[in-house]
Structures are given as structure tokens and as C-alpha cells.
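Notes follow the structure.
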Amino acid sequence: MVVDGHTSPAPDRLWRNPEPKSNYDVVIVGAGGHGLATAYYLARNHGVTDIAVLERGWLAGGNMARNTTIIRSNYLLDASAALYDHALRLWEELPEELDHEFHFSQCGVLNLAHTEQEARDARRRAFANELNGVDAEWLTPDEIAEVCPILDTSPRLRYPVIGATYQRRAGVAKHDHVAWALARKCDEMGVDLIQNCEVTGFVTAGDRVTGVHTSRGTIGAGRVGLAAAGRTSVLTDTLGISLPLQSHPLQAMASEILEPVHPCVVMSNHVHVYTSQAHKGELVLGAGIDTHNGYAQRGSVHVVENQLAAAVELFPIFGRAHLLRTWAGTVDVTPDASPIIGPTPYGNLFVNCGWGTGGFKATPGAGWVFAHTIATGAPHPLNEPYGMERFTSGALIDEHGAAAVAH
Amino acid sequence: MLLIRCPWCGDRDEVEFRYGGQADVAYPTDPHELDDAEWGNFLFVRANPMGALTERWVHTAGCRRWFSVVRDTATNEMTPDIPRRRESR
Ligand SMILES: Cc1cc2nc3c(=O)[nH]c(=O)nc-3n(C[C@H](O)[C@H](O)[C@H](O)COP(=O)(O)OP(=O)(O)OC[C@H]3O[C@@H](n4cnc5c(N)ncnc54)[C@H](O)[C@@H]3O)c2cc1C
Ligand SMILES: [Zn+2]
């Protein structure tokens, strides 16, 4: 077989690899999805282009490369529905806008209920979604079987499936391609994407940050935005800002490449697993965090075993598949399972963190509101409820129900 | 999987334990003295270092006793928490 690619010239680079300048209007720490989307919308929506995105490793090598790519907006509370559905509406625009294929597929998500109480909670969530203009349906087991024939909806299961919410607009996208699409656009608009550049501390003057110390020297900054996910509190600790973040390993896994068998995303809080099939054909599985704190990007095997057992119970056909790879990221979890996006006690330092197990779905939305926050110095209406002051006022945004099986 | 040394039972697999988070978090002597920020801090903020963390584990599937260890959160290396134990009481 002759493969054309072997004789074609090397493809153009998607972005430059510039040396850092001594100073930028805006320095973003972290070139994951959120840092890149923030730089993109700073340039696109606010005309700010003198931006450096500093990345300690390689571009989008953190959680952005490790997540299971589930995108949905069926959260319970008004603040969350607004934030996540805004993100979903941006996802619906981005394939055309970014002009770089990233396989956004609105294949739908089923959130299964296995107990009467879970069914009541799930229906309440679906009603709340409808009131907030988020598409949601309640399906019976027969209707579920039509959407996802490989799912065992028989009463044979230890915890039979008694119903599910269904969000048709939900789906998946190819995470690394999303990052590359954003990176390419950022670069085109003049943003410097600087890899192998670890931020180790801040230069401060009174209650302002004037720059960052990095492994490639000190870089001055007019404003600084943190999009460092699991390592955020390592940075804020150096400034004495105490954030309610706990960093945990979160694992996921994939099978070998198989024929398309799995038409949608299925999530089960109760038996604790979620599944989908990647565009390329791997079955992709995930579940919850490892309970202990950790930065090792490595989790324990019993966590993998538990979710495989749950998956094989729900999908008997998976019993024939092979587990090919498991991996882990470091996710920054908050007490109310909602992110922290907003100003800090340092006037020109802003944080976007605490997305924990579910921030991929928010990538464009987080970038949009964080760019607004950085550009104007004040939160966008969508992230106003998400400031760190809610842990003093008590106005928590408790989304443990909608976020339970870490996704 | 972590291999955890229970001070009473010896080395056992992580599955026999449950995690209890940061150790030595003292209940405020007089909660009424605390303002909202201090109370919020007590309720919600726990140490999250990359490096040594003194933490609680309980041997649920063994002797069912609580104990503390010092674990490096970057390498998972664990050492017993003996010298520091009384300090914060
Ligand atoms: C296994 C797994 C499965 C997941 N599944 C889903 C899912 O299905 N759906 C969903 O919505 N979400 C999911 N998530 C969560 C999602 O991946 C994260 O919430 C999201 O990626 C966080 O934003 P980010 O992309 O910017 O993070 P990251 O990609 O982690 O970006 C942070 C970047 O900051 C860099 N950085 C950190 N410290 C420094 C420093 N000091 N200096 C310079 N750079 C620094 C890091 O190297 C990293 O590249 C999952 C996460 C994991 C680990
Ligand atoms: Zn014991």
C-alpha cells in the first residue's frame, strides 16, 4: 500500500515557538484549554493581543490531553445552567469559527437513574433544565434501549436502569484538536504561546502583581490570569491567598480501536462509571477521583477495576474488549463542585480554577468569561456568582448531584 | 495502589483504608470569636501542598483505627508521623 503522506512535504507549524519578551499586557499561566480559550477571547472580544500564555510543559499536555471529552450543560442550579449552556452554545459555533477540524459531535448524553430517589432527583434536574432553556428529556428504559441498544436495560442488573435524563445537544469533541485549533488562532492574532516555561512565583508591588518569575527568566505583566488547573494553589500559596482547592488524581482509560458500537455518552452516578466511544473507535471510560490528594498524575488500580466492573455490568458487550491504556491528570476540586473564576486580593491577578473533574465542557465558556474578567477587571455576569468570596458568604453553588460521576 | 503502613497492623494495600484528609485541623477553641472569613477558612480550606502533607487514614478493613502519616503528594512516598503528633494539640 502506498501512503501519500510519506511523500508530502512536512506540514506547516500551527503556531510559532517564540522566545518570551520581557513584558506583556497580559500573562496567562497555563496553556491548557482554558488558558488558550482565554487568550483567544481576549484577542477576539477585547482587542488585547499583547499576551503570553506560559506553559510549564508542552501545550495542552495537562488535563486538556487527559480528559474524556464529555460536553453537556444539564446542571441543576441557575448559575450553572447559565454558565455551562453558554459554553455549549459557543461549542456549537466554534467548528466554523476556528476552521480546524476537532470532531465536535452532539451524540447526546444519558444520565442513568438506578434508584427511586435518583429518578426523582434526575427528573427534578430535567425540569430545572427546561425552565432554564437547557434541553432535557426523561426517558423510560424502553426509550433508553432505543437510544443506546448495547446498554443492558433488563431487570437482571444488581441496580437496574429505571430511567435516564437525555440531553441531545450534549456530546464529545477531540480535546487535543480543540487545543490546537485555539492555539493556531491565538498565534495568528499575535499571542505568544511559550512552552517549557514554568511560573515559579510572582513579582509584587503592594497589592499588585507586576510580573512572574519563570524557568526562563522574569517576565513583566500588566495583568496576570491563572489557568493552571491542578497546580493553581501551588502558585497562590506563594502569595498567601488560600483557595479551597484540593488536587486529586483523576483517571480514565481506553480500549483498543473497535467498530462503532456506542452511539452516545452514558453516565451513571450510582454504579459509578461513564462511557463513550471516541471518534477513532476506542471505548473511553472514566469515573471518580482517587480519594487522596496528589500531583503524581497517577492513580491506583482498584479505582480502575471498580469502574471496569460497573461498565461490564451495564454493557455486557464490553466484556470482550481489552483495556489498552489508563492514565491520570491532576484535578483541582472545590467543596461545592463548582469553579472559582474572578478577582483576587491582588488587583490585577485573576483566577480561573476549581473546574475539577468537569472543565473540558466549559473550555470556550470559561475562556469567554475569564477574558472578560481580565480585560475589564470585573466579572462577567455569568461568572459573578463564582468568586472566591462565596466561601465566606456561604453562597455556594452546590453541583455535587450534576457533577457526581467525575467527568 | 499505595502500600500503607498501619502502625498496628503493618503494611497493607490501600483498598483496606479510607482517606481522612489533612491531619491536625483543630476545631476552633471559640467558634464565636471567628469572623465569616475565618469560619469559611476553617470549613473549606485545607492544605494542598505539592510535597509533604501530614494526613489521616483509617484502617477500615483492619483494626479500624485512625492514624497519621506524612506523604509526599508528588511522589507518594510515605513516612510515619511520629515526631509532630503532639505539637499541635
Ligand atoms: C481523566 C480526566 C477526565 C476528564 N474528563 C472530563 C470530561 O469528560 N468532561 C469535562 O468537561 N471535563 C473533564 N475533565 C476535566 C477537564 O480536563 C479539566 O477541568 C480542564 O481540562 C481544566 O482546564 P485546562 O484544560 O485549562 O487544564 P490543563 O490542561 O490541566 O491546563 C493547565 C495547564 O497549566 C500548566 N501549568 C500548571 N502550573 C503551571 C506553572 N506554574 N507554570 C506554567 N504552566 C503551568 C499545566 O502544565 C497545564 O498544561 C477530566 C479530567 C481528567 C484528568
Ligand atoms: Zn490496622
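In what follows, chains carry the letters A, B, and so on, assigned in the order in which the sequence lines appear, proteins first and then strands, with residues in each chain numbered from 1.
For the atom pair A:D290 CG and B:L2 CG, the distance stands at 8.0 Å (nearest 0.5 Å). Atom CD of residue A:E305 and atom CE of residue B:M1 lie 6.0 Å apart, to the nearest 0.5 angstrom.
Of the two parts of B:L53, only the side chain, counted from C-beta on, holds a non-hydrogen atom closer than 4.5 Å to a non-hydrogen atom of chain A. Proximity to chain B involves both the backbone and the side chain of A:V301, based on heavy atoms less than 4.5 angstrom apart. For B:W39, no part sits under 4.5 Å from any heavy atom of chain A, backbone or side chain. Looking at B:R71, only its side chain comes within 4.5 Å of chain A, counting heavy atoms on both sides. Heavy-atom distances place the backbone of A:L243, and not its side chain, under 4.5 Å from chain B. Proximity to chain B involves both the backbone and the side chain of A:S247, based on heavy atoms less than 4.5 angstrom apart.
When all heavy atoms of B:A47 and A:Q246 are compared, the closest pair comes out as O-NE2, 3.1 Å. Contact between A:A296 and B:A74 at its shortest, heavy atoms only, is CB-O, 3.5 Å.
Defined by atom type and a distance below 3.5 Å, a donor-acceptor pair is present between the side-chain atoms of A:Y295 and B:N48.
Close approach to chain B, defined as a heavy atom under 4.5 Å from one of its heavy atoms, is seen in A:P335 of residues 335-352 of chain A, taken by number.
Ring-plane geometry between B:Y19 and A:H292 is classed as perpendicular, the angle between the planes exceeding 60 degrees on a 0 to 90 degree scale with a lower cut at 30.
In this view, A:T218 and A:V203, A:H213 satisfy the side-chain contact (heavy atoms from CB on, under 4.5 Å) rule, not counting sequence neighbours. B:N41 meets the side-chain contact (heavy atoms from CB on, under 4.5 Å) test with A:S242, B:V45; sequence neighbours excluded.
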Going by atom type alone, with no hydrogens or angles, which donor-acceptor pairs under 3.5 Å involve a side-chain atom of residues 27-36 of chain B and a protein atom two or more places apart or on another chain?
| from | atom 1 | to | atom 2 | distance (Å) |
| --- | --- | --- | --- | --- |
| B:D30 | OD1 | B:H32 | N | 3.1 |
| B:D35 | OD1 | B:A37 | N | 3.2 |
| B:D35 | OD1 | B:E38 | N | 2.8 |

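Interface check for chain B: of the options A:T330, A:T291, A:T334, A:N293, the most heavy-atom pairs under 4.5 Å are formed by A:N293.
Counting non-hydrogen atoms of other residues, nucleotides and ligands closer than 6.0 Å to CZ of B:R12 gives a total above 12. Atom CZ of B:R5 has 12 or fewer heavy atoms from other residues, nucleotides or ligands within 6.0 Å.
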